[in-house]
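Notes follow once the structure below has been shown.
No experiment lies behind these values; they were computed from the predicted model shown. These values consider heavy atoms only, across backbone and side chains, with no hydrogens, waters or symmetry-generated copies.
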Amino acid sequence: LVSDNGMVNIQAQIPGAPGLVDGMNVLIHVNFTIPEAMVVPRSAVITSNGHPMLFTYSAGKSVWNYVDIVTANDEQYMVEPDTKRNSPLKEGDMVILGGVENLIDGSPVRIIK
C-alpha cells in the first residue's frame with residue numbers, strides 16, 4: 001500500500017519462519033531491476049543553479065552532466081540525462097561517486113583502485 005505521502009506499507013506472509021510471531025515488525029529489503037535505468041548513490045548527485053547534476057570521468061578529467069531525477073529512495077537516485085540542457089550522459093559512462101562537491105567541469109581526476 002502506498003499512502004498519500006508516498007510511504008509504502010508492505011504485508012508479507014513468510015511460511016515456515018520459526019520464531020516470528022504475528023504482529024512483529026521486520027525489516028524487508030525489496031530489490032528489483034529496472035531495465036535501461038541509471039541508478040546512482042545520492043552522494044554522486046549535487047545541485048548547481050537549482051538543477052541536479054553528476055560528474056562522469058573521461059580521459060582523466062571530470063565532465064558535468066545535468067540530470068533529471070526520475071525517482072529516489074533513502075540511498076539512491078534513478079536519473080536520466082537532462083535533454084533540455086544537452087547532457088552528454090550516456091550508457092557506459094563512468095560516474096564519479098566521491099568528492100564531487102569540489103569538482104568543476106574539466107577538473108583533473110585520477111582513478112583510485
Open item on the list: Using side chain to side chain contact (heavy atoms under 4.5 Å, CB included), reason through V45 and V40 one step at a time and then give a plain yes or no.
Closed with: CA-CA 8 Å; V45 178; V40 296; 3.8 Å; yes
Pairs under 3.5 angstrom only: tabulate donor-acceptor contacts from the side chains of residues 67-80 to other protein residues two or more places apart or in another chain.
{"from": "N73", "atom 1": "OD1", "to": "E75", "atom 2": "N", "distance (Å)": "2.8"}
{"from": "N73", "atom 1": "OD1", "to": "Q76", "atom 2": "N", "distance (Å)": "2.7"}
{"from": "Y77", "atom 1": "OH", "to": "R42", "atom 2": "NH1", "distance (Å)": "3.1"}

Would you list the atom pairs, donor with acceptor, under 3.5 Å between side chains in residues 89-111 and any protein atom, with sequence neighbours excluded?
{"from": "K90", "atom 1": "NZ", "to": "D93", "atom 2": "OD1", "distance (Å)": "3.1"}
{"from": "D93", "atom 1": "OD2", "to": "K90", "atom 2": "N", "distance (Å)": "2.9"}
{"from": "D105", "atom 1": "OD1", "to": "W64", "atom 2": "N", "distance (Å)": "3.0"}
{"from": "S107", "atom 1": "OG", "to": "I104", "atom 2": "N", "distance (Å)": "3.0"}
{"from": "S107", "atom 1": "OG", "to": "I104", "atom 2": "O", "distance (Å)": "2.9"}

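S3 pairs by the side chain to side chain contact (heavy atoms under 4.5 Å, CB included) definition with N5, M7, not counting sequence neighbours.
A side-chain N or O of T56 and one of N65 form a donor-acceptor pair less than 3.5 Å apart.
Linking Ile, Leu, Val, Met, Phe, Trp and Tyr residues whenever their side-chain heavy atoms come within less than 4.5 Å leaves L54 and Y57 in two separate clusters.
N49 contributes no side-chain N or O that, together with a main-chain N or O of H51, makes up a donor-acceptor pair within less than 3.5 Å.
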